[in-house]
Each structure stands twice: as C-alpha cells, then as structure tokens.
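See structure below.
Indexing begins at 1, ligand by ligand and atom by atom, following the structure's order. Predicted, not measured: the structure shown is a model, and the values here were computed from it.
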Amino acid sequence: MSVENNDQHYDVLVVGAGFAGLYLLHRLRAQGMRVKVFEAGDDVGGTWYWNRYPGARCDVESLEYSFSFSEELQQEWKWSERYAGQPEILRYLQHVADRFDLRRDVLFNTRVARARFSPARNEWTVNTEAGEQYRARYCVMATGNLSKASVPDIPGIESFKGRWFHTSAWPKEPVDFTGLRVGVVGTGSTGIQLVPRVAEQARHLYVFQRTANYCIPLRNGPQDAGIERDVKGRYAAVRKQARESPSGVAGFNVPTQSVLEVRPEEREAAFERRWNWGGIGLTRAFNDVLFNEESNRIASEYVKRKMREVVKDPKVADALTPTYPIGTKRLCADTGYFQAFNRDNVTLVDIRRSPIRAMGPHSVETGEATYEVDALIFATGFDAMTGTLLAIDIGVENGPTLRSLWADGPHAYLGLMVAGLPNLFMVTGPGSPSVLSNVVVSIEQHVEWITNCLAHMQERGLDHIEALADAQQTWGDHVNEVAGRSLLAKASSWYTGANIPGKPRGFIPYMGGVGAFRAHCDEVARNGYQGFALSTARQAQGSPA
Ligand code: NAP
C-alpha cells in the first residue's frame with residue numbers, strides 16, 4: 001500500500017547509511033534541510049555492516065580510513081590496530097551515528113525499489129520494497145561501489161544440504177566451521193582474507209581458484225602509539241596531503257622515477273622497502289608500474305618471487321603464481337594467505353583448468369573431481385559500481401530510465417550526476433576515483449561537493465540541476481583516455497565489468513587521481529557549476545521564470 005502524507009515530504013532522500021549516507025545526513029541537516037535516509041540493513045555501516053566474514057579488514061590504514069570532518073572525532077577516536085578489522089570499523093560508524101545523533105533520520109530494514117522524477121512537480125518519489133512512498137526535491141544514491149553480490153549460478157546449488165554463504169551477506173552470529181569440510185570459491189581481496197581464518201577451524205578447506213592473485217603482506221599490528229601521536233598532532237596537514245594525493249592516502253609518497261631508470265639493486269631495494277612496510281602501496285614504488293609493460297613485468301616478477309619463498313610445495317606455488325600484470329586487478333593484502341597452503345588441511349583446486357560444473361547435496365564437482373564439502377563460501381565479489389544503482393528502478397516519469405541510459409555501460413558527469421536524470425546525485429559514481437582511492441576521502445569530497453552545490457542553489461532560489469550531455473560526454477572521453485594510457489584498462493577485472501557475464505565492458509572509475517579530480521570538481525563549481533544546468537523548475541520546463 002502506498003502511503004502519502006505531508007510527513008513523507010523531504011528536501012533530500014538519501015539511499016544508504018554507510019560512510020557516504022551518514023556524512024550526507026550530517027551535512028544536509030546542518031544546512032537546515034529535511035532528510036530521510038533509507039538503509040537495507042538493521043544498522044548503519046554499509047559495506048562494514050554486511051561484510052562480516054572472518055578476517056574482514058580494511059587494507060588502508062585506519063588513521064587515514066576515517067572521517068576528517070570533525071577534529072574532535074578524529075582526535076578522540078582510538079584505533080586499536082594499524083588496519084582495523086570489520087568489527088572495529090562498524091563500531092566506529094555506530095559511534096559516528098550516535099555522536100552526531102544521526103539514527104533518528106534513518107529508516108532501517110528498508111530497501112529502495114524504485115525512484116521516479118516528476119518534471120511537473122520537480123521532485124523525486126521513492127518507493128520502498130515494503131510499499132511505502134516518499135517524496136523530495138533531491139535524491140542522493142549513497143549506495144556504495146561494492147554492494148551487489150555476485151553469486152555464480154551453479155547447477156544443483158539448490159540441492160546442497162550444507163550451508164552456503166556469500167561473504168557480503170555473512171550472518172551476524174559467528175559461524176563455526178570446526179570439524180567441517182569447507183569450500184571457498186574466489187581468491188580476490190575477500191577470499192584471501194578469509195582463507196587463513198577458515199583454515200584454522202575447518203577439518204579440511206578446499207580453495208577453488210580461478211585466477212591466482214598478487215598479495216602483499218599487510219603487516220598489521222596494534223596501532224603504534226608514536227605514529228598515532230604524530231598523525232594526530234598534525235592531522236589537518238595529513239588529511240590535506242591525502243586529499244591532494246593520487247590515491248587519497250598521505251602515507252604514500254608520490255613516485256617520480258621509472259622502474260627502468262634505476263639500477264637493479266636500487267629498484268630491488270625500493271620494492272623491498274614497500275614489501276616490508278606492507279600493504280597495497282607496492283605498485284607505487286615507481287611511477288610507471290601500472291603504465292609500462294616492462295616496468296610492470298619487473299614488479300610482477302619481484303612479487304612472484306617473494307610469494308614463492310613462502311609456499312613449500314612447488315606445484316602449489318606454481319598454481320598460486322599469477323599470470324597477469326601486477327596491479328591491473330586490485331592488489332590484495334594478506335595475513336597468512338600463502339602460509340595457509342602449507343597446512344595439511346588446505347587444498348588448492350584449479351578451477352581455471354577445470355571449472356565447477358555442478359553441486360550435489362554434499363559436494364562440489366569440477367570436470368576432474370568431486371569434492372565433499374559440508375559448507376561452501378562464495379567470495380566471488382560484486383557487480384561493482386553500477387550493479388546496486390541498476391538494481392533500483394530509477395527514471396523520469398515518461399522519460400528515460402537509468403537502465404536505458406546505461407544500456408551500453410555507465411555514463412556520468414564527474415561520477416556525480418547522469419544527464420537526463422535531474423536532481424539525482426551519486427556519491428563516488430562511475431567516472432570518479434571511487435574504488436581506486438581511499439574511498440573515505442573520495443566520499444567526503446563528493447558529499448562536500450553535493451552539499452555545497454545544494455547550498456549554492458538554495459541561496460539563489462534555484463531548485464533544478466541537470467548534468468549536460470556534452471559535458472558528460474567530454475568527461476567520459478577523458479576518463480577513457482586516462483584509463484587507456486594504463487595497463488588496467490586491458491585487464492579482465494571488476495574495474496572493467498569483466499567479472500559479470502553480459503555486463504558491458506569498459507573501464508569504470510577515474511584513474512586521474514584523487515587530488516587532480518578534486519581540483520577539477522572545485523574548478524567546475526567555481527566556474528558556476530560548469531557542465532551542469534542550474535535553474536528553477538519553471539525555467540527547466542521552459543516557462544518564463
Ligand atoms: P573480487 O576481487 O571480484 O574477487 C572475486 C573472486 O571470485 C575472484 O578470484 C574471481 O575470479 C572469483 N570468481 C568470481 N566469479 C566466479 C565464478 N563464477 N567461478 C569461480 N570463481 C569466481 O571480489 P572480492 O574479493 O570480494 O573483492 C572486491 C573488492 O572489494 C576488492 O577488489 C577490494 O576493492 C574490496 N575489498 C577490500 C578489502 C580490503 O580492504 N582488504 C577486502 C575485501 C574486499 P576471477 O578473478 O577469475 O574473476
């Protein structure tokens with residue numbers, strides 16, 4: 001049943017209560033706007049609410065993977081580890097929600113099914129799956145880049161008698177694998193975190209690997225008190241450096257040299273420093289690892305060699321050795337991943353050579369063998385960046401839908417708006433640095449840009465904004481041109497949509513860097529929101545103002 005009354009009218013409707021939705025709510029409220037946030041989960045947290053699988057952890061350091069908008073918050077919050085685990089990040093976001101009194105405007109357990117813009121009323125109507133209806137002048141999709149799970153369609157899965165899981169829909173209560181035979185499908189960032197933890201419990205663990213990945217040891221540990229003091233003592237400068245950096249991380253120096261212009265022992269030392277420092281910064285030891293095939297080959301060989309030093313069985317080491325250029329799929333950071341394959345209770349199964357064909361009541365079958373399992377975990381990733389948005393039926397009354405506009409792949413201006421869909425914003429949408437960056441930095445940048453834009457409009461009595469098609473096209477061409485210079489655009493990865501059967505192929509995020517992107521967005525705003533048409537609704541409809 002649709003419910004319509006004045007209580008359901010807002011200035012802004014926000015979809016999602018993760019990092020992006022929470023900060024949007026905080027900012028919009030401060031601007032005096034009436035906001036309602038829809039959240040499918042029963043609590044805040046977004047990604048960090050859903051991804052509760054064993055070993056889930058962020059591979060950006062916590063002192064940087066956190067909000068910068070409140071000095072008190074960043075000074076008072078104490079991270080226990082260098083890289084916080086999922087429970088701690090979720091606690092942090094719960095703390096943020098409580099501290100800024102955000103929960104009262106969030107509708108939990110509420111999934112949005114449809115959003116329609118009415119040109120006549122100049123407003124969005126949002127319908128929830130439960131059949132409720134809400135209206136507002138503006139709508140913001142704060143839905144996250146990695147939230148629509150991809151689960152392989154395996155014949156016979158319905159006959160499986162054990163429990164199966166996707167890592168992003170992990171149960172709240174701990175799952176005990178003690179004594180069980182467990183299968184894990186997928187060896188990306190998630191699988192790599194999960195495997196060592198499950199191996200500690202399971203009677204036997206089968207790791208079904210389609211693509212071997214590069215992993216750098218994370219080298220997590222308790223948060224170093226000296227580093228914390230140092231960062232907190234100059235937090236404003238650290239945050240500024242992060243905002244102006246290529247990847248949204250202050251801790252990485254911007255490389256200036258090519259792999260090819262230094263002597264072999266120098267580059268070995270540079271890689272070694274990064275390796276020992278830990279985490280995903282290794283490809284940033286030089287400026288061309290992601291751009292030059294020979295430089296990339298040298299970096300790839302270095303990491304392969306390091307990995308092989310860990311794995312005792314040479315055949316298993318061969319199977320675990322990646323065959324693609326490093327960094328062209330998301331680099332993984334591990335804690336004991338390769339070591340897990342030295343355990344007697346872990347078996348690597350190569351499903352590139354012989355794919356999974358079917359599942360039985362107690363088994364997974366490849367073309368070569370049948371593996372008896374009591375539980376199966378899919379760490380098979382996401383329909384990234386576009387999947388969550390396209391899952392919602394978004395469109396204009398008697399006009400275009402997002403699905404029609406993106407039939408051949410996503411088109412967006414600065415990852416913020418889609419031409420043809422007025423008054424609808426996205427946070428870290430396609431064509432923005434999003435998943436290539438410390439996403440909290442990118443979220444803050446987009447949220448601040450959107451809220452500043454709405455304040456600008458409010459001050460001028462404007463209530464209608466649209467991205468212009470030609471500006472969107474020019475930006476899209478630039479995104480493609482920058483991606484085309486790198487090796488990433490050539491890879492089969494979720495960056496290009498290659499992991500989802502039938503998804504249009506094309507490099508989705510912006511590779512030009514967080515700092516350059518921010519500067520460009522700021523310039524667009526300074527120049528009167530260049531590439532956007534700002535007006536009153538009456539003007540937009542062609543009536544005299
Ligand atoms: P992912 O990187 O897409 O990895 C999915 C894995 O499942 C890949 O090994 C993939 O193989 C495999 N796979 C997918 N479909 C399959 C199928 N039908 N049959 C067999 N294997 C299949 O997903 P993810 O590991 O969940 O990570 C997604 C992103 O989330 C990461 O890249 C990262 O940005 C983020 N993340 C970050 C952290 C962290 O901060 N530490 C942790 C987890 C996730 P192919 O490679 O052959 O497709």
Side-chain angles (χ1 to χ4, degrees), residues 46-48 50-62 64-65 82-86 89 144-155 157 165-170 183-195 197 206-218 220 247 249 278-280 320 322-324 327-335 337 348-359 364 366 376-385 387 428 433-440 442 488 491-501 503 508-509:
T47 285
W48 300 103
W50 296 105
N51 288 270
R52 299 163 185 263
Y53 61 85
R57 184 176 294 288
C58 185
D59 57 16
V60 178
E61 294 192 44
S62 304
E64 299 219 41
Y65 190 89
R82 182 179 172 197
Y83 298 97
Q86 173 272 332
I89 303 175
N145 290 121
L146 295 158
S147 39
K148 185 165 192 300
S150 168
V151 181
D153 187 13
I154 303 175
I157 190 166
F165 311 84
H166 187 279
T167 46
S168 72
W170 202 262
V184 172
V185 184
T187 52
S189 298
T190 299
I192 272 158
Q193 291 185 327
L194 178 92
V195 160
R197 300 289 83 79
Y206 296 100
V207 180
F208 295 96
Q209 173 191 271
R210 189 163 70 181
T211 304
N213 271 322
Y214 293 93
C215 301
I216 313 293
L218 189 62
N220 188 29
S247 53
V249 178
I280 54 174
L320 286 168
T323 54
Y324 67 90
T328 57
K329 284 157 100 80
R330 167 69 149 75
L331 197 54
C332 301
D334 77 296
T335 303
Y337 178 64
L348 182 68
V349 181
D350 182 348
I351 55 168
R352 167 80 58 194
R353 192 178 61 215
S354 180
I356 295 174
R357 276 205 314 218
M359 281 171 70
V364 174
T366 69
L376 189 63
I377 303 170
F378 292 107
T380 41
F382 301 89
D383 183 350
M385 294 174 279
T428 65
S434 64
V435 295
L436 300 177
S437 66
N438 172 359
V439 82
V440 182
S442 290
L488 272 72
S492 285
S493 71
W494 59 260
Y495 295 144
T496 59
N499 65 324
I500 302 295
K503 185 165 174 168
I508 302 175

Between [X] and [Y], is there a donor-acceptor pair closer than 3.5 Å when you use the side chain of the first and the backbone of the second?
X	Y	result
Lys329	Ser492	yes
Gln86	Trp48	yes
Asn438	Glu64	yes
Asn213	Thr187	yes

Under 4.0 Å to a heavy atom of [X] - the qualifying atoms of ligand 1, by number:
X	value
Arg57	39 (C), 40 (O), 41 (N)
Thr211	45 (P), 46 (O), 47 (O)
Arg352	47 (O)
Pro152	17 (C), 18 (N)
Cys58	40 (O)
Thr190	24 (P), 25 (O), 26 (O), 27 (O), 43 (C), 44 (C)

If you compare all heavy atoms of [X] against all heavy atoms of [Y], which two are closest, and at what distance to 0.1 Å?
X	Y	result
Ile192	Cys215	CD1-SG, 3.2 Å
Ala212	Tyr324	O-CE2, 3.3 Å
Asp59	Leu218	CB-CD1, 3.8 Å
Val184	Ala379	CG1-CB, 4.4 Å

Which value, rounded to the nearest 0.5 Å, describes the distance between Ser189 atom OG and Leu194 atom CG?
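The CG atom of Leu194 is 12.0 Å from OG of Ser189, to the nearest 0.5 Å.
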
Does ligand 1 have a heavy atom under 4.0 Å from the side chain of [X], from its backbone, from both, or from neither?
X	value
Phe382	side chain
Thr187	both
Val185	side chain
Tyr495	neither
Ile351	side chain

To which protein heavy atom is [atom] closest, and what is the distance rounded to 0.1 Å?
atom	answer
atom 23 (O) of ligand 1	Gly381 CA, 3.1 Å
atom 28 (C) of ligand 1	Trp494 NE1, 3.8 Å
atom 30 (O) of ligand 1	Leu146 CD1, 3.3 Å
atom 4 (O) of ligand 1	Gly188 CA, 3.6 Å
atom 10 (C) of ligand 1	Arg210 NH2, 4.2 Å
atom 12 (C) of ligand 1	Gly186 CA, 3.7 Å

Just go through Ala56, Ala379, Cys332 and tell me whose heavy atom is the nearest to atom 5 (C) of ligand 1.
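Of the listed residues, Ala379 has the closest heavy atom.
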
Please find out if less than 6.0 Å separates the ring center of Tyr83 from that of Tyr65.
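So the answer is no for these two rings.
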
I'd like to know whether CZ of Arg197 has more than 12 heavy-atom contacts from other residues, nucleotides or ligands below 6.0 angstrom.
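Yes - once you tally the heavy atoms of other residues, nucleotides and ligands closer than 6.0 Å, there are more than 12.
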
Full working for side-chain contact (heavy atoms from CB on, under 4.5 Å) between Arg330 and Ile280
CA-CA 9 Å; Arg330 167 69 149 75; Ile280 54 174; 3.9 Å; yes

Does ligand 1 have any atom sitting under 4.0 Å from a heavy atom of Lys329?
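Contact check Lys329 vs ligand 1: positive.
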
Heavy-atom contact under 4.0 Å between Tyr53 and ligand 1?
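Yes; Tyr53 lies near enough to ligand 1 that a heavy-atom distance drops under 4.0 Å.
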
Evaluate [X] for polar contact with ligand 1, using N/O atom pairs at a separation under 3.5 Å.
X	answer
Gln193	yes
Asn213	no
Ser189	yes

Side-chain H-bond candidate by donor/acceptor type, Ser442 with Ser437, under 3.5 Å
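Ser442 vs Ser437: donor-acceptor pair found between side chains.
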
Looking just at side-chain N and O atoms, do Thr211 and Arg352 make a donor-acceptor pair shorter than 3.5 Å?
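Per modelled atom types, Thr211 and Arg352 side chains form a pair under 3.5 Å.
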
